[in-house]
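For reference, the structure is listed below as structure tokens.
Proteins come first, then strands; the chains are lettered A, B, ... in the order of their sequence lines, and each starts at number 1.
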There are 2 protein chains.
Amino acid sequence: MSQRRPTAQDVAKRAGASRSAVSMVMNGNADGNVAPDMQERIRSAAAELEYTPNPIASGLRRQRSQMIGIVTDEAASSPFAGRMLAGASKAASERGYLTVIADAGAPNADPSSFIDELRRRRVDGLLLATQRLRTVDVPDGLRLQPGILANCRDRLDSFPSIIPDEIRGGREAAEHLIGLGHRRIAWVGGDDDVDAAPARIAGLQAALASAGLPGAELHAGEWDISDGYRGAERIFERPTDQWPDAIFCACDRVAVGVLLYAGAHGISVPGDVSVMGYDDQRHLADATVPGITTMSLPHEAMGREAARRVIDELEGAPTDEAATTLLQCPLVARASTAPRTSRAA
Amino acid sequence: MSQRRPTAQDVAKRAGASRSAVSMVMNGNADGNVAPDMQERIRSAAAELEYTPNPIASGLRRQRSQMIGIVTDEAASSPFAGRMLAGASKAASERGYLTVIADAGAPNADPSSFIDELRRRRVDGLLLATQRLRTVDVPDGLRLQPGILANCRDRLDSFPSIIPDEIRGGREAAEHLIGLGHRRIAWVGGDDDVDAAPARIAGLQAALASAGLPGAELHAGEWDISDGYRGAERIFERPTDQWPDAIFCACDRVAVGVLLYAGAHGISVPGDVSVMGYDDQRHLADATVPGITTMSLPHEAMGREAARRVIDELEGAPTDEAATTLLQCPLVARASTAPRTSRAA
DNA sequence: TTGAAAGCGCTAACAG
DNA sequence: CTGTTAGCGCTTTCAA
């Protein structure tokens, strides 16, 4: 099956060079050390032999595995985590690192043992990524080599992390609504068990305040479709003149619930009321009728940035960056929001 | 940050033993080679020093990386792949292997370059896993070390693979329905672009035939919610006495479409008609009202089995197993199916 | 500019 | 039963 792979020695022999010359050429350190024509001969010998340097041997020598580990609380079942992992893998791979993923499998599992396992494997750097935005206690193992938090923040705010700028997201979502002429905005869903809800609400209220509008009425609840449905129920059972112009939902699932209620009760979205989601959840925000206008959680960018920063750190790049990096949530305009029309009472 | 890690040498010195003794103890080859009390001293020295063998060094020596690679066409965005990856990772980890995942990111991406990349990293074995059941051409790289297909099969049927037994699944689903007293069963959704649909239909027809019932009427279509909705529309627009007793949907999303149509038109499920799904898609089959009775795709088991077989092979275990292994799809009974009631016309 | 030599930390064969 | 030895394939100093 796997015939013996060629080594640098084989390449050297074929090219009439020394092993060290081969090494230098393969690592791009040859200029100024190996004659140009010799470089060329080495390169073609390597190509003919289909030689690829053995990363295990080089890892042993330079005390580097060229792997970065990602431990996550729930990658497997999540509609989001994939984007974060993909972003991190791609960024790492572009810099010559392989990502290895350890999935704790449950939202509240203790990541320490997975961090230890990855450290045993000698990963060069470590990301701790959570499925939902959370505050965490940084496990000790994370401090023993370059590490970073993705989509979660240190309870003590002393460990580097990459998280979405939820306050700004809430504000920009509200500004979008206000820009469409809406004045009365209601919030539905999203209790404060999760860090995101208070931040989004804060942004919303700030935007209303700067526009000189009254604060939003809050219909807090959970994060699911049924919570959106119930929230809409409470809102639309009132007389029409007490309806809000727009509903800002804690997340896209809640928005689906609002849409379902509206559909079942002859309320037009966005004709009678605009509906705004949050998260840009795949196969959901883009799959409803109307499609949900929403704020996109920058999962891919978080993965990418986290990988970049860890690799920068372990390669000794200047690390003058702030501990916590906030990433913007871009607005994704779809059909569930529209300019305000004066409603027939 | 990362202070120097202890080596086997350090442990040997502390225990007053030789490096090889330490190695044997750490690898469980000590009995009969190292005196019991010495083993004990080595073990406690290792514990005190928090020594863990360097897998890079041992990998170099034994020409093994203890990693198995998984290349997949769409892990990131899939609601299923996670379970397969989790199954494989867990099984591999229990045998001392780390899984590394390369996600091609698109359903039709060519996996060859990802296989090559993982081979460059010297993975000991390789799984090629697809998101949907498919027939594939085995990339050359897969043959150069132990490898296996998961959720896809070789076009030539000569390379080992683990796939769900869709025919049996279709049959057992139909038997469940027939057992409830249903006699007229309609199939909705699932064209034959994907290998699963014809197999499920074949199982369905076989079950009907052995029960002496007429064949199912087929409303082929795609795999989405809207296809289920349209299929239901065609079925229920006919006079009541032409309605089937049960609808076997190509997948859970299609079943959701049927449920939506029924809900919007006052048709009771399972009172008027039973609805059967397939896939057991998380957050879907279990989240509707009523919950969807469905056949569970054995993703976790496929991952587990695939990892097991690859590791068996590379560890030289007897490989007398058939090339293609079929795994059962267990029935998950929920509330969308019920015994037949004589319907009021 | 080149090549020889010294390991990285570990395992496995072999001699004591 | 124990300890010594010879590398695995690579990188990186250092002397020529």
| task | Have a look at the helix from C:dT1-D:dA16 to C:dG16-D:dC1 and give the angle its two end axes make, five pairs each, rounded to 10 degrees. | result | 50°

| Can you name the residues that form a salt bridge (Lys or Arg N to Asp or Glu O under 4.0 Å) with A:Arg95, not counting sequence neighbours? | A:Asp312, A:Glu315

Rounded interatomic separation in angstrom, taking [atom1] from [X] and [atom2] from [N]:
X	N	atom1	atom2	value
A:Arg120	C:dG9	CZ	P	18 Å
A:Arg5	D:dC8	CZ	P	17 Å
A:Asn29	C:dT1	CG	C1'	15 Å
A:Glu40	C:dT1	CD	C1'	18 Å
B:Met26	C:dA12	CE	P	15 Å

| task | Go through the side-chain N and O atoms of B:Asp195 and B:Thr135 and say whether any donor and acceptor fall under 3.5 Å apart. | result | yes

| query | When rounded to the nearest 0.5 angstrom, what distance separates CG in A:Leu128 from CZ in A:Phe159? | reply | 8.5 Å

With sequence neighbours excluded, tell me which residues meet side chain to side chain donor-acceptor pair (under 3.5 Å) with [X].
X	result
A:Glu300	none
B:Arg43	B:Gln39
A:Arg122	B:Thr52
B:Asp154	B:Ser158

| Excluding sequence neighbours, so at least two apart, what forms side chain to side chain contact (heavy atoms under 4.5 Å, CB included) with A:Ala109? | A:Ala104, A:Ala106

| message | Reading DNA chain D from 5' onward, which residue's closest nucleotide shows up sooner: A:Thr7 or B:Arg19? | response | B:Arg19

| query | Which residue pairs pass the salt bridge (Lys or Arg N to Asp or Glu O under 4.0 Å) test with at least one member in residues 51-66 of chain B, sequence neighbours excluded? | reply | none

| task | Not counting sequence neighbours, list each pair that qualifies as a salt bridge (Lys or Arg N to Asp or Glu O under 4.0 Å) and has a residue in residues 9-31 of chain A. | result | A:Arg4-A:Asp10, A:Arg14-A:Glu48

Please tabulate, for the side chains in residues 86-93 of chain B, all donor-acceptor contacts under 3.5 angstrom to protein atoms that are two or more places apart in sequence or on a different chain.
{"from": "B:Ser89", "atom 1": "OG", "to": "B:Leu85", "atom 2": "O", "distance (Å)": "2.9"}
{"from": "B:Ser89", "atom 1": "OG", "to": "B:Thr99", "atom 2": "OG1", "distance (Å)": "3.0"}
{"from": "B:Lys90", "atom 1": "NZ", "to": "B:Glu94", "atom 2": "OE2", "distance (Å)": "3.4"}

| said: For C:dT11 and B:Ser23 - does any side-chain N or O of the residue sit under 4.0 Å from the phosphate oxygens OP1/OP2? | reply: yes

What are the atom names and distances for every N/O pair under 3.5 Å that joins the protein to nucleotides 1-3 of chain D?
{"from": "D:dC1", "atom 1": "OP2", "to": "B:Gly32", "atom 2": "O", "distance (Å)": "3.4"}
{"from": "D:dT2", "atom 1": "OP2", "to": "B:Ala35", "atom 2": "N", "distance (Å)": "2.2"}

| message | Using a strict heavy-atom distance below 4.0 Å, which residues from residues 52-67 of chain B are in contact with DNA chain D? | response | B:Leu60, B:Arg61, B:Gln63

| query | Which part of the nucleic acid, if any, lies within contact of B:Asn27, taking any heavy atom under 4.0 Å across all strands shown: a base, the sugar-phosphate backbone alone, or nothing? | reply | sugar-phosphate

